[in-house]
Every structure is written in C-alpha cells, then in structure tokens.
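Below is one structure, written out as structure tokens, with a few remarks after it.
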Protein chains: 2
Amino acid sequence: MKSYHQYCSVARALDVAGDRWVLLIVRELLALGPSRYTDLRRGLPGIATNLLAERLKAMEAEGLVERHDAPPPVSATLFRLTDRGRELRGVLHALTAWGMEGMTPGPDAQDAVQPHWSALAGALLLRGGPDPGTEVVVGIASEGEMLHVVLRRDADGNAFEIRRGAAPAADVTLTGTSMLVGAVLTGVLSPAEAVGQGLRIDDPGQVLPGLVGAPAEPSA
Amino acid sequence: MKSYHQYCSVARALDVAGDRWVLLIVRELLALGPSRYTDLRRGLPGIATNLLAERLKAMEAEGLVERHDAPPPVSATLFRLTDRGRELRGVLHALTAWGMEGMTPGPDAQDAVQPHWSALAGALLLRGGPDPGTEVVVGIASEGEMLHVVLRRDADGNAFEIRRGAAPAADVTLTGTSMLVGAVLTGVLSPAEAVGQGLRIDDPGQVLPGLVGAPAEPSA
DNA sequence: CCGCATCCGGGGCGATACTG
DNA sequence: CAGTATCGCCCCGGATGCGG
C-alpha cells in the first residue's frame, strides 16, 4: 500500500507493517519460528499465493524478515524474523489482548481454526509464567492436531517456542477445542471453568495454576 | 476490507481495526479528544473525504466511536471514542514505540508534520511522569502552531489531554521543530542534546527532567 | 461553512492456473 | 516446494457537488 506521508510514529509504523497480511505473517513467524513458504501458507488460510510471495519480498526489503537456506539434508528456504521484525511482538501482544474481546462467541462457520494461534495468544498473555530458571512444556491436542509450547523465563518477561507435533515430555497437556485451550491460557476461563465446558487437563505436577494465575510479584 | 475469517485474536482485531486509516483516526481522537469532522480531516492529511465518512460510519457500527451533538451555541457533530475504542491505546502505544525507530532521519519532503502527533508519542512513551496527585502542563510551540499537554497521574500509568492553542499556565514550554519536541519527550534525545540541536526549553521549575527521565521506582 | 454523497481512474487484492 | 502469470473486481484516492 502507499505511505501515509505523515511524520508520525504510528503512521510510519503502519507504512511498514500496516499492509494487509503483514502482521499475520509476523504472527506465524513469531509463533512457529523460521518457516517454509508452504508452512506459512498453512498458517495463513485465505492468502493468495502471489500476495504471500509479494509480502515476503516487501518485508525482506523493509528488514522485517530474512530468507536463508535450511541446513542439509532438508534443502529448503526458510523465512525468519529479523530482530527488527521480532520487535513487533509488542504490537502483536497489544492486538492479541484487544482482540480477545471478540473471541468469546467462538468461531464463525467460515472461520479457520488453528491451535497455534491460541497457543500464541496464551504465550503472549500468560499472567504467570514458569519459575525463573525453569522451563515448562505445555502440550496441546486440539482440532485433530498436536503441538507443544516451551515456556521459559526471560530477562523481560516470558520467552516461548511453539512447535508442531507432540511434546517429548509435557508437564501439562490440554485436550479440547482451540477456543477452550485459548480461553484457559489467556485467563478468560479458569482451569476449573474450562474443564466444566469440556476441556481435558492432564496436569500431574499442578503447574497450570502457576502459569495462568497472577504472577507472584513481591510488591504490594 | 474483508474479514480474514480466522479464529485468532490478532486476526479478529485486524478485522475491526486493520483497515486503512482506522488506527490513525483513533490516534486523532485519542490525542485531541472529541473532534469535529473537519478537525479530523486536518489531522489526517491525505485522506479522501468520502473515506473518512465511510470509516467513521464503519467504526461507529463496530462500536469504536460514537457521534453526539456538541452543546449549544456551537452546533456541530462531534466524534469521540467509546470505551472500546479507547482500549486501542495499547495498540497505538506499541505502534508508536515500534515506529520511533524510523523517525530519527526526520520528515521526508512529502511528509506532513503536525505537532500533536509528537505530543501524543511523548505522552504515550513518557518514561517518567508527574508526581502522583499533581498535574504538569507542557506547552509546545512547533510548526507555527501552539498546543499544550496536560499530564496527570492515573491508576494505571499516565493520563493526558492534548489541546490546540496556548496553555493558560504551562509549567514547561518547548519551542522548536516537531522532530525535536518529539525526540525529547520520547526520550530519544536528552533535553541537553535537544537544546544543542536547536530546541528551546523554558522550564523555570525544572519539571522536564522528571518527566522524561526514568521513573522513580523504589525497586532495584 | 460543515458533513457528507457521487462519480471516476488506477491499483491493490483475491482466485485460479501454471512452471522451474 | 516455491513461487510466477493472468485476470476481474472492488477498494482507494482525488475531484466535485450539495443539502442543512
């Protein structure tokens, strides 16, 4: 799209990241890390293939993403966020929080549903988090798909990685609709409420309450 | 624009607020409060008049803005943010922070420059803030225009109001280009550096350092 | 004047088909 | 697997008109 031609921080940001699909491409790369073109298409249902190619080129020119070849034996081109692109996490965080309001009615008939979107929302909005120095793995089985989220304590907040596939060793496993998984991870529903609505929680170590509860801050 | 049809919090947010101009309209209303159609046009150079009308209608339907008649004697329709619209402040904050990176080169030849954009960026990114219970008024004379920012301590962070026109009683006055005003308010430049580059600061009470410096937090 | 509605040209977007 | 090519359509941008 065209520039707004306004010397304003918001307008400049939107000049770069305001085009259609761009922030959703960032969402995919932020959630799943370096991804192949085809994987991006999977996570962006509805995008036209020429648009994805064009956006990736534009984002590369803007310094948001970079392409590099995957190490052998799997020869493939991967797209990953640059540091500058990863700094859009704050924007994604704010959009995620604001958009949660409209999620409670559940998906429309036309809506695509992919669990890693809920996982990302959960990772970004998590009220608590793992204890410093430790790692928590959340397994998710949803929409006939499996993935796992590795949560870690970082210098500024929580770091996370979301991977497709089953977790080698999950501390807690959530089984149910993407809507329920998202609701409990983002704190919209308490674990008990979510279970009441059909979510299955396998949490032998009782780590989930510490993740979705209020952070244990010493102040106040 | 069309919906993404993805059951994802980010996509849902962009379905509502992702259309071109929408977040800039929110910027205007967040910065200057309830505004008339014509005032919005002033703050949104480049927008087509039919688009502004259409967007306002759509945003009203989405519950972001509401229209109401100004009290007599000045008969005019005012547009203002709803609570839901005002909650987009977090998104604007994140976009402002991210977009600051591209501001240092200064405005292009084609760029419109309006000081209240810098004032908003400053109000959102202010590192410090007024002491609790007090109010600070920052006068700004920039681009041949005058405005003032009233800063107040709020429950969660800083509250602010930006008004066009000179301040009745400014605690500190900044005179210079919008770029320099913005840079010092957002912490990109220290007051001393900004003065070195041509900004004039009238600050008899020495309140500016407390505004743009690190907040006086008891921790650490 | 203020708050739009209408008309028109160009281009970005969305879908499909096709290729190295 | 990773795109390019092509083609409508509709949205955006700019100008103008017009009622209150």
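Just so it is clear: chains get the letters A, B, ... in the order the sequence lines come, proteins before strands, and each one is counted from 1. Computed from a predicted model, the values in this text were never measured in an experiment.
In this structure, R84(B) forms a cation-pi arrangement with W98(A), its terminal cationic atom sitting closer than 6.0 Å to the ring centre and no more than 45° off the ring axis. For the pair R20(A) and Y4(B), the cation-pi criterion (under 6.0 Å, within 45° of the ring axis) is fulfilled.
In the set dA5(C), dG13(D), dG3(D), dG13(D) carries the atom at the smallest distance from any side-chain atom of W21(B). Distance from the side chain of R20(A) is smallest for dC13(C) among the nucleotides dC13(C), dC12(D), dG3(D). Among dC13(C), dC1(D), dG3(D), the nucleotide with an atom closest to any side-chain atom of Y37(A) is dG3(D). In this structure, the nucleotide among dC4(C), dC1(D), dG3(D) sitting nearest to the side chain of F79(B) is dC4(C).
To the nearest angstrom, C1' of dC9(D) lies 14 Å from CG of L51(A).
Between D39(A) and R41(A) there is no salt bridge, since none of the side-chain N atoms of the basic residue sits less than 4.0 Å from a carboxylate O of the acidic one.
Residues forming a salt bridge (Lys or Arg N to Asp or Glu O under 4.0 Å) with D154(A) (at least two apart in sequence, or on another chain): none.
Look at R55(B) and you'll find a side-chain N or O under 4.0 angstrom from OP1 or OP2 of dC12(D).
Identified under the side chain to side chain donor-acceptor pair (under 3.5 Å) test for residues 138-152 of chain B, with sequence neighbours left out: E135(B)-R152(B), E145(B)-R164(B).
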Detail all sub-3.5 Å separations between protein N/O atoms and N/O atoms belonging to nucleotides 15-18 of chain C.
from    : atom 1 : to     : atom 2 : distance (Å)
dA15(C) : OP2    : G46(A) : O      : 3.2
dA15(C) : N6     : N50(A) : ND2    : 2.7

